[in-house]
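No experiment lies behind these values; they were computed from the predicted model shown.
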Amino acid sequence: MAESAFQLVSEIGTQLGRQTRSGKDSLLKLLKQAANALSEIEQPSTSEAARKLEAIKNLEVSTKPLRKAIVHGLLQHKDKEVRLLVAICISEIFRVMAPEPPFEDKYLRDIFKLIVSIFAELADTASPHFSRRVKILETIARCKCCVIMLDIDCNDLVLETFNTFFSVVRENHQRSLINHIISIMTHIINEEASQTLLDVILRKLVKDGKGAPCASYQLAVSIIQNCAEKLEPFICGFLTNCILDRDAVENELKEFYHEIIFQIFQCAPQMLLAVIPNLTHELLTDQVDVRIKAVNLVGKLFALPKRHVAQHYRDLFLEFLKRFSDKSVEVRVSALQCVKAFYMASPFGTESHEVITALEDRLLDFDDKVRTQAVIVACDLARSNLKFVPPKLISQTSERLRDKKIIVRKKAFHKLIEVYRDYCNKCSEGHMTISDHFEQIPCKILMLCFDKDCKEFRSQNMELVLAEDLFPVLLSVAERTRHWIHLFSLFTPLHVKALNSVLSQKRRLQKEMQSYLALREKEKETSSEEMQKRIKTSFMKMAALFPDPSKAEDSFHKLNQMKDNNVFNSLALLLDELKIADAQTIRDKFLKTVGDRHPHFEFLSSLSSKCSHNIFGSEHIQCILEHLSDNRYGTKLLEASSAKLLLAIISIFPSLLRGSEAQLRMLIEENRKINDKLIEVLAKAAPHISVKLSDIYPILERVCREGSRIEAKFSVAAIAAFGGVSEQFIFSKLCKDLVVSLHAGQNIPTVLQSLGCVAQYSVSAFEAQDGEITSYIYEKIFRVDSSDNINSYNDASGCTSSCKLKIYGLKTLVKRFLPHRGTHARRQIDELLDILSNMLQKGDAFDGIITCENDKAHMRLAAAKSVLQLSRRWDLHISPEIFRFTILVAKDSSLFVRRLFLDKMHKLLKEHVIPSRYACAFALGTSDCPKDLQDDSFKYMAEFIKEYSREARIRQSSSVQGGAITDYPAYIVVFLIYFLAHDTGFPSENCPEEEIYAQFCSPLFNLLEALVNATVVDGDMDLVNDALLLLLSIFRAIKKAEDVVDARNTPRLHIIADFGFSFLKSLNHNDASSAHAPALILLPSSFFRAYSGCLNQSPFNDCFIKKVVQMFKSRLSLPITALPKRGRKCQEDNTKLAIIESNTLYLASSEKVDLSTTEVETRKNMRQDITVGHRQKQGVSSESVRLRECSINHQHSASKKSKRVLEKEPLSSCDSVTRLSLAESHISVQTLERDALSLKENVRASSNVVSDPPKYSKAEAKDTCSLNITYDSGEVEVLSLESESWETISNSLLVEREVVLAESNSFQLQHRGLKGTIGTSGGAAATQQQKVLPSEECGKLSNRTDLLPAKVKRGRKASKDTSASEVINLHEDAVAKRTRRKKI
């Protein structure tokens, strides 16, 4: 067979050599025959050398004609088929004649060119000739003949071969084909590696390595892996040169060397052992772009799974870690972008923990770009591995919701929402359990409601977040309820306040929308101008609850013009539908009907969302009650939070309880520990649910007798809510039953609570049993010695049981005078005030009772709190003595009592339910107290000054209400001076020691510093001006007044005024302009009256007073507590601190006068206008009844409650690149914690004062001697008070004494004539008779702009029995006021 094949090949070769112009077909036929014949020939395999040489010789002879025909004509043939068959023949000849080349060197180049051209067709797998081409590739690979190209210096062909292979290789090629290609290329490289071939490989590695790996990339990887040893020197040399001196490298691939390193490291990491450590050089270079690229590369290397690169190259990792605090923002951002992949590659490694720590640090970076990137990375990392993400990372990321930069807050908001959604889905699928650190996310998102800088976070938008964005769309109501319950277990009062704000706004809009729809129906019947005004007002109210009120109001007007009743019917349905699912169906149908092409579609979509119950619905209520009924919670905490959530919802949307009444009743009957909340829920929802009082009364009545005090309180409230027409009868019966229980000694604390609450809801029912109840409290409770049960201590309160009962009894007595509704308690309060006075002084209600010191402290505290509660309505009856004893509790011997008293007062003042004069107790807390209590006192005082100053200015600038000097916080100095003058610790006049006086006056000095400290009022210098000038006037006025209670204390008043005046002077060496200071100052007549005699000289000279002031400044230590700061205004702190550090008060006018207490120049045109009138009545809650407009006594006026400034918790400063704290990146979000200096350190040195006209330069001294009480129902009650008057002490400009009397709920102005002599050169005398103005004349007097310009003698002294508020003119020499004359 071999002989015939040899012969056939020889013959065909001969024929091909003869046919110079043969046809294609005949040529193809011959070549096919030759190829087939050659395929049958095998290489000589004989072991005998002679026979092998003979076989080789036969091969050469038989193939010679064919080889000759190929090189002399067939190589140059143009036909593809012919060339393909020629290539086949050549490959077979190479095979049979291997290892010797079958052709001469001069022909080999053309032969390999032909072969390479055939390889170029391998990409066409659909070609009918594909199998023949593969056969050629296989043959060439096996015989390794391509290396011949290196021997004949055909390097260009080798290069072309490599390029051809990279270009034709495909993913769908058989593995055997690819292996043949790899074999050929590997043989060539192993034979002779070169940089040129390496460049070809690397180019494909880089170019095709991006994105999904392709066949050419895989081919390059295989070559590198197979030839690692041969290529390593070239690769290491090239890459090392690029790292150390890239500019010196002359290779276009130097631009991609980082990618080359990464790709090679993935396939052959052992090749780069000498290269990787050199990357440290790039991490340390000064070129930012190089560091960025190096960080990206190293980060990718460290992120390679299962390679543990960071462990193997520890030094490189440590340098990489430092790039997180690189001085370049871009480098830090790049480092952050590597964190996720790094952590995911090895989440439990030590290096991963270090990287996470670096990420946490960058969350506090001083640059907002870095913080934003850190937030993105942290959230993406959390989403990729919710189970194992560090809780601390989530917590710190959520803190960025309070970042000072809006862009960071927004990014944190959106990214954390995504994290929380994923977490909720995992929980619903059962892959995770509810976790506190994830539940903190919505907690902190809720706090964004207080963000005043960004509209996106306001409560108008937060509603949409809670309804549509917070939870996954498909999350069930039951799952949402689970999360809400856990959220409430983490809520603080501020969280509850934020949620209530969102829900309240939603409820207000719903109620207003219902009112509008009702008005619209009425308008169809009777349209009027009044109706249009009401509709317009309704639109304004609803528009205020949208993010863009002006745009919303315009949309409401356009909505009102729509004729399609279906729109309004759908909105009405949404308002009535209580189920979330049904409401969503109605809304979807409504929006589909409207169509997204409707010009008002966006507004209608927003409005329909606000009208529907999409945050909480009746399904939520059912789920909560089911959870409670099934006792699904393993902890009492979650049970309590369920009840809190239920109460929070029902308080705003009471109608949602409909349908669940029976379930709630069953829970109450079970007498659980959360019964107080459940009963409160019942009380809130009573008017909106279908439950009869007869059905629920037995349960509530039992709770009133046998439950806890808090349960009893809400039970009485529930009975009142259900009462209706039978309320009086029910309360009468309940009160009798409670009295029986009281005498039986059954659960006395609860019974007393119930009786007190009954007294507030039904005055008549309580009055029927008043004598019996009061007698029991006096005899059976108050007159019991604590020694009888000295060992019976209450663990919670620390006092004996008898003391606790006395406190409960006192609370019951106090509640008798504080009814919730419009009826006024028709009983005398003097007896109760006497008991309170005794308790404040002696620690018990009556003399002779043996009481331990601990119980006395608790009794003093209870009495002081009771006075504060009574001051809401009965402040006119609280004597100066009781007031002084109440304030004295701030200096109680028990620190526990001091703390609770100041905290309680702070709370009541924030709620604006007690007169502001009680705030002077804060000043007492700043001295002689432990450090923490001092700090809190400074903080409380600062908050009071800030809030009340702004509200006073608002009222003063209001054209409707006007304003009074007594509204300003500075006015409490009047009461503090009075208190200090009556202090038993007042130093003796013979005491020459400055230190003693400095210590004694320190409360006054601390208060004065706070009042004139610009930082307290956020740098508002107008308020500082007002306070400063008012204080100067107050001190002058007190110098002209005497003590009403004890005239012997008058010198003390004057001494303290001198100290205060000197202290203000020490803050202002250049003196302030008092041209606009109030000329007439109202002093409370129950404390002060005009001084009847000549002013005595101060026992202390100016030098001593100055030494006292300096002593105070020198011995004062700085408190830790910072001053209050508003919202996100920390970026303004540097400006504010500059004011403090310079210790200079900048006020606005250039005129300067002497502030001496002995010499005040009288000026023309310096009269202080006084207006006596009424203020507009305001509504207050039933539990927050306050005094209205009795400005003759400061304690008679209560400021209108205004929107309070957001209190925020300060965030720790962001780290710098060296992890130093920088104030630039923090934000204040918690109550009254300021980065500025404390009150004590402000305004110490002398300063220049230049003053603007103060806001109250025309302040009106108002007198309204009645008590206006407005209830939630809208009912207004006017209570008659004791007669009050105020005396005007005249100088040459004043002519009359004005007395305002209030009797039988009406006002009369008594204008008394004062004798005086008017004229020039001893002119004629004129006598003005006494006049009595009717009540309607009060209005005329209130509009008077000046006092009569006449000169008179001082009027008759007011009766001592008359309670008068003294109006003292400060532009008068008090000593010479009887004799001065002035022309008119």
Say you draw a straight line from CG of L908 to CD1 of I914; how long is it, rounded to the nearest 0.5 Å?
4.5 Å
Please name the pair of heavy atoms, one in N1006 and one in M941, separated by the smallest distance, quoted to 0.1 Å.
O-CE, 3.9 Å
Look at the aromatic rings of F1059 and Y997 and report parallel, tilted or perpendicular, splitting at 30° and 60°.
tilted
Working note: L840 + V867, criterion side chain to side chain contact (heavy atoms under 4.5 Å, CB included); need CA distance, chi angles, decisive distance, verdict.
CA-CA 10 Å; L840 288 168; V867 173; 4.2 Å; yes
Taking the side chain as C-beta and beyond, is there a heavy-atom pair between F901 and D892 under 4.5 Å?
no
List the atom pairs, donor and acceptor, that lie under 3.5 Å between side-chain atoms in residues 974-982 and the rest of the protein, sequence neighbours left out.
residue: Y978; atom: OH; partner: H982; partner atom: NE2; Å: 3.3
residue: H982; atom: ND1; partner: N1049; partner atom: ND2; Å: 3.2
residue: H982; atom: NE2; partner: D1043; partner atom: OD2; Å: 2.4

With heavy-atom distances below 4.5 Å as the criterion, would you say the side chains of Y968 and L1011 are in contact?
no
What I'd like to find out is whether the side chain of L1008 reaches to under 4.5 Å of the side chain of L1031, using heavy atoms alone.
yes
Would E911 and K907 pass as an ion pair if we require N to O under 4.0 Å?
yes
Testing the basics here: between Y918 and S871, what is the closest heavy-atom pair and its distance to 0.1 Å?
OH-CB, 3.7 Å
Does some side-chain heavy atom of T966 sit less than 4.5 Å from a side-chain heavy atom of R917?
no
Any sub-3.5 Å donor-acceptor pair from S1062's side-chain atoms to D1058's backbone N or O?
no
All heavy atoms of R898 vs all of C929, minimum pair found to be NH1-SG, 2.9 Å
Can you tell if the side chain of S879 reaches within under 4.5 Å of the side chain of L833, non-hydrogen atoms only?
no
Got a second to check how far Y971's OH is from I1034's CD1, nearest 0.5 Å?
7.0 Å
Taken to the nearest 0.5 Å, the spacing of L870 CG from L818 CG works out to 5.5 Å
Quick one: does any side-chain atom of T886 pair with a main-chain N or O of I882 as donor and acceptor, under 3.5 Å?
yes
In plain terms, say whether R1052 and D983 are close enough for a salt bridge, that is, a side-chain N and a carboxylate O under 4.0 Å apart.
no
Check: W874 side chain, I829 main-chain N or O, donor-acceptor pair, under 3.5 Å:
no
Could you please spell out the steps behind the ring-ring contact (aromatic ring centres under 6.0 Å, His included) verdict for H912 and Y948?
CA-CA 9 Å; H912 292 248; Y948 277 66; 4.6 Å; yes
Heavy-atom pair with the smallest gap, counting every atom of H1054 and A1041:
NE2-O, 2.8 Å
Side chain to side chain contact (heavy atoms under 4.5 Å, CB included) between L1007 and I972: does it pass, once the steps are laid out?
CA-CA 9 Å; L1007 177 58; I972 68 173; 3.9 Å; yes
Using every non-hydrogen atom in the two residues, find where L836 and S866 come nearest and quote the distance to one decimal.
CD2-CB, 3.7 Å
Of R950, K946, R953, which is the lone residue that meets side chain to side chain donor-acceptor pair (under 3.5 Å) with D1020?
R953
From CG (L1004) to CG (L924), nearest 0.5 Å
10.5 Å
Please determine which of K865, R873, R872 meets the side chain to side chain donor-acceptor pair (under 3.5 Å) test together with Q869.
R872
Any side-chain heavy atom of F817 sitting closer than 4.5 Å to one from H877?
no
According to side chain to side chain contact (heavy atoms under 4.5 Å, CB included), who are the partners of S949, at least two apart in sequence or on a separate chain?
I945, P969, V1017, L1023
Atom pair CD/CG of Q934 and L902 - distance to nearest 0.5 Å
11.5 Å
May I ask you to decide if E1009's main-chain N or O and N1013's side chain share a donor-acceptor pair within less than 3.5 Å?
no
Closest heavy-atom contact between D875 and P915?
OD2-CG, 3.4 Å
Would Q999 and S927 satisfy side chain to side chain contact (heavy atoms under 4.5 Å, CB included), going step by step from the backbone distance to the final call?
CA-CA 8 Å; Q999 176 62 32; S927 175; 3.2 Å; yes
Test side chain to side chain contact (heavy atoms under 4.5 Å, CB included), reference F1088, set I1081, L1053, V1045, L1082, output is L1053
Give the ring-plane orientation class for H906 versus Y940, where under 30° counts as parallel, over 60° as perpendicular and anything between as tilted.
parallel
Are the side chain of S1033 and the backbone of L1029 linked by a donor-acceptor contact shorter than 3.5 Å?
yes
